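Sequential numbering from 1 along the given sequence is applied to the chain's residues. From a predicted model like this one, the values you see are computed outputs, not experimental measurements.
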Amino acid sequence: MNLETVMQELEALGKDRTKKMYISNGAHEPLFGVATGAMKPIARKIKINQPLAEELYATGNYDAMYFAGIIADPNGMTESDYDRWIDEAYFYMLSDYVVAVTLSESDIAQEVADKWIASGEKLRMSAGWSCYCWLLGNRKDAEFSESKISKMLDLVENTIHDSPERTKASMNNFLSTVGISYLPLHEKAVETAKAVGIVEVKRDNKKSSFLNASEGIQKQVDKNKLGFKRKYVRC
């Protein structure tokens, strides 16, 4: 399938209701409003195709950019490729659910995510923290440095309330993910979550969200989900 064919198929799957929902979350034209589940049959036909993924991502169409992440080859992308993708990710559904997800399946994931977390740029930071959420929720605990993750918990505790709004949400997710999916630091994550307390995330034209990592971790513990790892990251 080529770019034109994929764009036609995506457009045919678009729904006004879905489009309005994406726009309410920060997406803007061009977009069709395709539910992510509806993309799976097309993805099964294409499988992995990095050149096509690059063409789709370059359209600036939200649905095409999302689909690009599904068919991308994570290890076929360099650090500069990921930097280019994050530069073009204009809101969190792209930075955290397309770029960060794709990055998390690459061999350079931690290296790039570390750089983004230190960047001071809100969506890069958000994508960096989100990438670690996808990593910790999927890869074996032994693949991570306990001292490094511990220092990241300290960074969350010391900076989350003063961080950019979208970054706060991703940092809070990181705190929850460590508490649930990374057993070596479960106890520290629980204590850090208590110290952090409620995190207010202000949203444009919407009411603030109030996040509670401590409560979220405990709910998963009560469900016997401690140590949970997802089998796949990308859909």
Side-chain angles (χ1 to χ4, degrees), residues 1-11 13-15 18-19 21-23 25-113 115-116 121-139 166 169-170 173 177 230-235:
M1 296 178 74
N2 60 23
L3 175 64
E4 184 179 359
T5 305
V6 175
M7 292 300 285
Q8 288 172 351
E9 293 210 15
L10 289 174
E11 185 173 13
L13 293 169
K15 305 287 185 186
T18 306
K19 182 175 180 177
M21 180 185 72
Y22 291 160
I23 290 173
N25 280 296
H28 59 57
E29 295 284 3
L31 76 163
F32 303 131
V34 185
T36 56
M39 296 180 180
K40 289 183 179 181
I42 313 175
R44 281 195 288 267
K45 286 188 282 187
I46 297 173
K47 298 181 181 177
I48 299 299
N49 188 325
Q50 185 61 32
L52 181 56
E54 291 289 358
E55 288 186 286
L56 287 162
Y57 200 84
T59 64
N61 178 295
Y62 169 68
D63 301 287
M65 295 172 83
Y66 191 98
F67 188 70
I70 296 174
I71 65 168
D73 176 6
N75 281 318
M77 295 176 67
T78 64
E79 182 174 335
S80 62
D81 291 328
Y82 283 109
D83 282 337
R84 177 165 44 79
W85 275 36
I86 197 66
D87 282 340
E88 295 172 24
Y90 63 85
F91 79 125
Y92 80 94
M93 287 174 68
L94 289 169
S95 63
D96 294 16
Y97 296 100
V98 178
V99 186
V101 168
T102 307
L103 175 62
S104 74
E105 293 198 353
S106 75
D107 294 336
I108 59 173
Q110 291 192 50
E111 175 187 340
V112 175
K115 186 183 74 171
W116 288 354
E121 299 173 28
K122 65 178 181 180
L123 286 182
R124 263 182 160 74
M125 294 166 70
S126 184
W129 288 107
S130 291
C131 182
Y132 269 96
C133 293
W134 299 115
L135 286 165
L136 290 161
N138 171 252
R139 299 192 186 186
R166 180 59 220 173
S170 297
N173 287 340
T177 303
R230 58 175 59 83
K231 191 171 182 181
Y232 301 106
V233 177
R234 292 189 292 177
C235 63

Check whether [X] reaches the backbone of [Y] with its side chain - one donor and one acceptor, N or O, closer than 3.5 Å.
| X | Y | answer |
| --- | --- | --- |
| R166 | F91 | no |
| S126 | L123 | no |
| T102 | V98 | yes |
| D63 | V34 | yes |
| Y22 | Y62 | no |
| S130 | A127 | no |

Hey, could you give me the [atom1]/[atom2] distance between [X] and [Y], rounded to the nearest 0.5 Å?
| X | Y | atom1 | atom2 | value |
| --- | --- | --- | --- | --- |
| W116 | E79 | CH2 | CD | 9.0 Å |
| E54 | N49 | CD | CG | 10.5 Å |
| E9 | F32 | CD | CZ | 11.5 Å |
| C133 | N138 | SG | CG | 12.5 Å |
| S95 | E88 | OG | CD | 13.5 Å |
| S104 | R139 | OG | CZ | 7.0 Å |

Quiz prompt | Whether W134 and Y97 hold their rings parallel, tilted or perpendicular, with breakpoints at 30° and 60° | solution =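 Rings of W134 and Y97: perpendicular, as their planes differ by over 60°.
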Quiz item: Less than 4.5 Å apart, any side-chain heavy atom of M1 and any of Q8?
Solution: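 Result no, sub-4.5 Å side-chain heavy-atom pair not found.
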Quiz item: Going by heavy atoms in the side chains, are T59 and L3 under 4.5 Å from each other?
Solution: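 Yes, at least one pair of side-chain atoms sits under 4.5 Å.
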Practice problem: Return yes when atom CD of E4 has more than 12 non-hydrogen atoms of other residues, nucleotides or ligands closer than 6.0 Å, and no otherwise. | Solution: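 Check fails, neighbour count at 12 or below.
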Quiz item: More than 12 heavy atoms of other residues, nucleotides or ligands under 6.0 Å from NZ of K19: is that the case?
Solution: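 Correct, the count exceeds 12.
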Quiz item: What residues, two or more places apart in sequence or in another chain, satisfy side chain to side chain contact (heavy atoms under 4.5 Å, CB included) together with S106?
Solution: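 With neighbours one apart ignored, the set is P74, N75, Y82, L103, I108, A109.
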Exercise. Begin from the C-alpha positions of Y66 and L31 and carry the test side-chain contact (heavy atoms from CB on, under 4.5 Å) through to its verdict.
Key: CA-CA 10 Å; Y66 191 98; L31 76 163; over 6 Å; no
Quiz item: Are a donor atom and an acceptor atom from the side chains of N2 and T5 found within less than 3.5 Å of each other?
Solution: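 Their side chains do contain a donor-acceptor pair, which is all the 3.5 Å distance test asks for.
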Quiz item: Are side-chain N/O atoms of S170 and D96 paired as donor and acceptor at under 3.5 Å?
Solution: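 Side-chain D/A pair, S170 to D96: present.
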Exercise. Under the side-chain contact (heavy atoms from CB on, under 4.5 Å) rule, what do K115 and D83 come out as? Steps first, then yes or no, please.
Key: CA-CA 10 Å; K115 186 183 74 171; D83 282 337; 2.7 Å; yes
Practice problem: Start with the C-alpha distance between I42 and I71, add both sets of side-chain angles, then the distance that settles side-chain contact (heavy atoms from CB on, under 4.5 Å), and finish with yes or no. | Solution: CA-CA 10 Å; I42 313 175; I71 65 168; over 6 Å; no
Practice problem: State whether D81 and R84 are salt-bridged, where the test is any N-O pair (Lys NZ or Arg NE/NH1/NH2 against Asp/Glu carboxylate O) under 4.0 Å. | Solution: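 Here D81 pairs with R84 in a salt bridge, since their nearest N and O are under 4.0 Å apart.
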Heavy atoms only: give me the nearest [X]-[Y] pair and the separation to one decimal.
| X | Y | value |
| --- | --- | --- |
| G33 | T18 | O-CB, 3.3 Å |
| I70 | A43 | CG2-CB, 3.7 Å |
| M93 | N25 | SD-CB, 3.6 Å |
| L10 | A64 | CD1-CA, 3.9 Å |
| R234 | A72 | NH1-O, 2.7 Å |
| F67 | M39 | CE1-O, 3.7 Å |

Quiz prompt | By side chain to side chain donor-acceptor pair (under 3.5 Å) - contacts of N173 (at least two apart) | solution =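 Expected list: none.
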